[in-house]
Q: 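Input: one structure, supplied below.
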Amino acid sequence: QVQLVESGGGLVQAGGSLRLSCAASGRTFSIYTMGWFRQAPGKEREFVAAITWRGGSTYYADSVKGRFTISRDNAKNTVYLQMNSLKPEDTAVYYCAADRSLVTGRAREYDYWGQGTQVTVSS
C-alpha cells in the first residue's frame, strides 16, 4: 500500500505563488506515475499535472500550462507542484494521486489518493 500526504495549501492573492508537496510512504517502489488533481465546489475532479517517477516525463492540463510546474525528488519520495500566477479560478482542493502504471488525466485509473489540501486564491 501507498500513503500520500499533501501540504502547502493556503490563502494567496491573485498573481501570487504557492508550492504544494506530496509525500509518499509505504510501498513507494511500486509507483510509476504521480499526479495532481483539483476539485472546486460543485465541479468534477479535474486533472492538473502528472509526472513519471523514473523518467520525469511531465503532462499538464491546458488551463495550467506555463503557470504550474510539477517536479519530483525520488530520494525523498516527494512530488511538488509549483503554482505561479495564480488566478481565482485555481481555487480548489488539490489532491495528490499515485499509480503503478503510466496514467495521466484519468482520475478513476489512479490507485492511491491523498486527503487533499485547500488552495484559495482571492481577487
Side-chain angles (χ1 to χ4, degrees):
Q1 299 298 313
V2 174
Q3 294 79 45
L4 304 174
V5 179
E6 303 97 333
S7 62
L11 175 64
V12 64
Q13 293 185 345
S17 299
L18 284 173
R19 189 176 77 159
L20 306 183
S21 298
C22 176
S25 61
R27 299 180 183 272
T28 58
F29 59 86
S30 67
I31 298 174
Y32 190 93
T33 307
M34 296 284 290
W36 286 98
F37 292 78
R38 65 188 183 186
Q39 188 165 22
K43 297 184 178 180
E44 295 183 349
R45 190 163 296 186
E46 176 188 24
F47 170 74
V48 176
I51 189 169
T52 60
W53 274 45
R54 183 176 298 175
S57 299
T58 58
Y59 308 86
Y60 296 94
D62 289 341
S63 60
V64 305
K65 286 182 179 178
R67 299 190 298 122
F68 291 9
T69 302
I70 188 170
S71 61
R72 86 271 195 249
D73 186 336
N74 288 12
K76 297 182 178 180
N77 292 324
T78 300
V79 173
Y80 306 95
L81 184 67
Q82 179 67 46
M83 305 184 295
N84 298 327
S85 302
L86 283 163
K87 306 174 181 179
E89 50 262 45
D90 294 319
T91 296
V93 176
Y94 282 70
Y95 296 92
C96 178
D99 196 77
R100 294 171 292 175
S101 61
L102 178 60
V103 179
T104 54
R106 296 185 178 182
R108 295 176 180 175
E109 297 183 359
Y110 282 78
D111 295 321
Y112 309 102
W113 291 87
Q115 293 296 307
T117 185
Q118 177 70 48
V119 172
T120 302
V121 184
S122 62
S123 301

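Numbers here are sequence positions counted from 1.
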Q: For Ala61 and Phe47, work out which heavy atoms get closest and say how close.
A: CB-O, 3.3 Å
Q: Using the side chain to side chain contact (heavy atoms under 4.5 Å, CB included) rule, take Val119 and Arg38 through it: C-alpha gap first, then chi angles, then the decisive distance, then the call.
A: CA-CA 9 Å; Val119 172; Arg38 65 188 183 186; over 6 Å; no
Q: If I take atom OG1 from residue Thr69 and atom CZ from residue Arg19, how far apart are they, to the nearest 0.5 angstrom?
A: 11.5 Å
Q: Ignoring hydrogens and angles, tell me if any N or O in the side chain of Glu6 forms a donor-acceptor pair with the backbone of Gln115 under 3.5 Å.
A: yes
Q: Taking salt bridge (Lys or Arg N to Asp or Glu O under 4.0 Å) as the test, write out the residues that go with Lys43, two or more places apart.
A: none
Q: So, Tyr110 side chain and Thr104 main chain: donor-acceptor pair closer than 3.5 Å or not?
A: yes
Q: Check residues 81-89 and write down every donor-acceptor pair under 3.5 Å in which the side-chain atom is one partner and the other belongs to a residue at least two apart or another chain.
A:
from: Gln82; atom 1: NE2; to: Asn84; atom 2: OD1; distance (Å): 3.0
from: Asn84; atom 1: OD1; to: Ser17; atom 2: OG; distance (Å): 2.9

Q: Please find the pair of heavy atoms, one from Arg72 and one from Gly56, that lie closest to each other, and give the distance.
A: NH2-N, 3.4 Å
Q: Under 3.5 Å, which donor-acceptor pairs do the side chains of residues 25-33 form with other protein atoms, sequence neighbours left out?
A:
from: Ser25; atom 1: OG; to: Gln3; atom 2: OE1; distance (Å): 3.4
from: Ser30; atom 1: OG; to: Arg27; atom 2: O; distance (Å): 2.8
from: Thr33; atom 1: OG1; to: Ser101; atom 2: O; distance (Å): 2.8
from: Thr33; atom 1: OG1; to: Val103; atom 2: N; distance (Å): 3.3

Q: How long is the straight-line distance from CD of Gln118 back to OG1 of Thr91, given to the nearest 0.5 Å?
A: 7.5 Å
Q: Going by the rule salt bridge (Lys or Arg N to Asp or Glu O under 4.0 Å), which residues pair with Asp99 if we only count those two or more places apart in sequence or in a different chain?
A: none
Q: Name the residue from Arg45, Glu46, Glu44 that meets the side chain to side chain donor-acceptor pair (under 3.5 Å) definition with Gln39.
A: Arg45
Q: Do the side chain of Thr52 and the main chain of Ser57 share a donor and acceptor less than 3.5 angstrom apart?
A: yes
Q: Going by the rule salt bridge (Lys or Arg N to Asp or Glu O under 4.0 Å), which residues pair with Arg100 if we only count those two or more places apart in sequence or in a different chain?
A: Asp111
Q: Is any side-chain heavy atom of Met34 closer than 4.5 Å to one of Leu4?
A: yes
Q: Tell me, please, which residues at least two apart from Glu109 pass side chain to side chain donor-acceptor pair (under 3.5 Å).
A: Arg106
Q: Tell me whether Leu20 is reachable from Val48 by hopping between hydrophobic residues (I, L, V, M, F, W, Y) whose side-chain heavy atoms are closer than 4.5 Å.
A: yes
Q: Which residue pairs pass the disulfide (SG to SG under 2.5 Å) test when at least one of the two sits in residues 47-92, sequence neighbours left out?
A: none
Q: For residues Val2 and Ala24, report the shortest heavy-atom separation together with the two atoms involved.
A: CG1-CB, 4.5 Å
Q: Go through the structure and list residues passing side-chain contact (heavy atoms from CB on, under 4.5 Å) with Ser7, not counting sequence neighbours.
A: Ser21
Q: Sorted by first residue and then second, give each ring-ring contact (aromatic ring centres under 6.0 Å, His included) pair with at least one member in residues 50-96; sequence neighbours left out.
A: none
Q: Honestly curious: do Phe37 and Leu18 fall in one hydrophobic cluster under the side-chain, below-4.5 Å linking rule?
A: no
Q: Got a sec, which residues hit side chain to side chain donor-acceptor pair (under 3.5 Å) with Asp73, two or more places apart in sequence or on another chain?
A: none
Q: Tell me the disulfide (SG to SG under 2.5 Å) pairs involving residues 12-101, sequence neighbours left out?
A: Cys22-Cys96
Q: For Arg54, what residues pass the side chain to side chain donor-acceptor pair (under 3.5 Å) criterion, not counting sequence neighbours?
A: none
